[in-house]
Amino acid sequence: MGMKDKNTVLAWATIIMIIVGLGLIGLGAFRYDEIAGWGFASVGIGFFAVAWVFNALKGRV
């Protein structure tokens with residue numbers, strides 16, 4: 001599976017960012033019960049925002 005164009009790279013980047021974002025939100029929700037959990041969850045939401053931007057760029061680059 002070769003990455004021949006930029007859309008494929010953006011698609012893989014979007015998938016990876018969503019997985020990492022879910023992992024960070026999961027850490028914040030289930031592993032850290034104190035204030036650090038809020039930080040992990042907010043960074044996870046930030047990863048979702050960046051993944052949304054990558055998804056929006058597909059076809060335009």
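Reckoned from all heavy atoms, side chains included, excluding hydrogens, waters and symmetry mates.
- With respect to Val53, the side-chain contact (heavy atoms from CB on, under 4.5 Å) criterion is satisfied by exactly one of Val50, Asn55, Leu57: Leu57.
- Summarising the geometry, atom CE belonging to Met17 is positioned 10.0 Å from atom CZ belonging to Phe48; distances are rounded to the nearest 0.5 Å.
- Of all non-hydrogen atoms in Lys58 and Leu10, the two that sit nearest each other are CG-CB, 3.7 Å.
- Transitive grouping of hydrophobic side chains (ILVMFWY, heavy atoms separated by less than 4.5 Å) brings Ile18 and Ile45 into a common cluster.
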Could you list the donor-acceptor pairs under 3.5 angstrom formed between side-chain atoms of residues 21-38 and any protein atom two or more places apart in sequence or on another chain?
none

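- Connection of Phe54 to Ile16 is established within a shared hydrophobic cluster, with ILVMFWY side chains joined at heavy-atom distances below 4.5 Å, either directly or through further cluster members.
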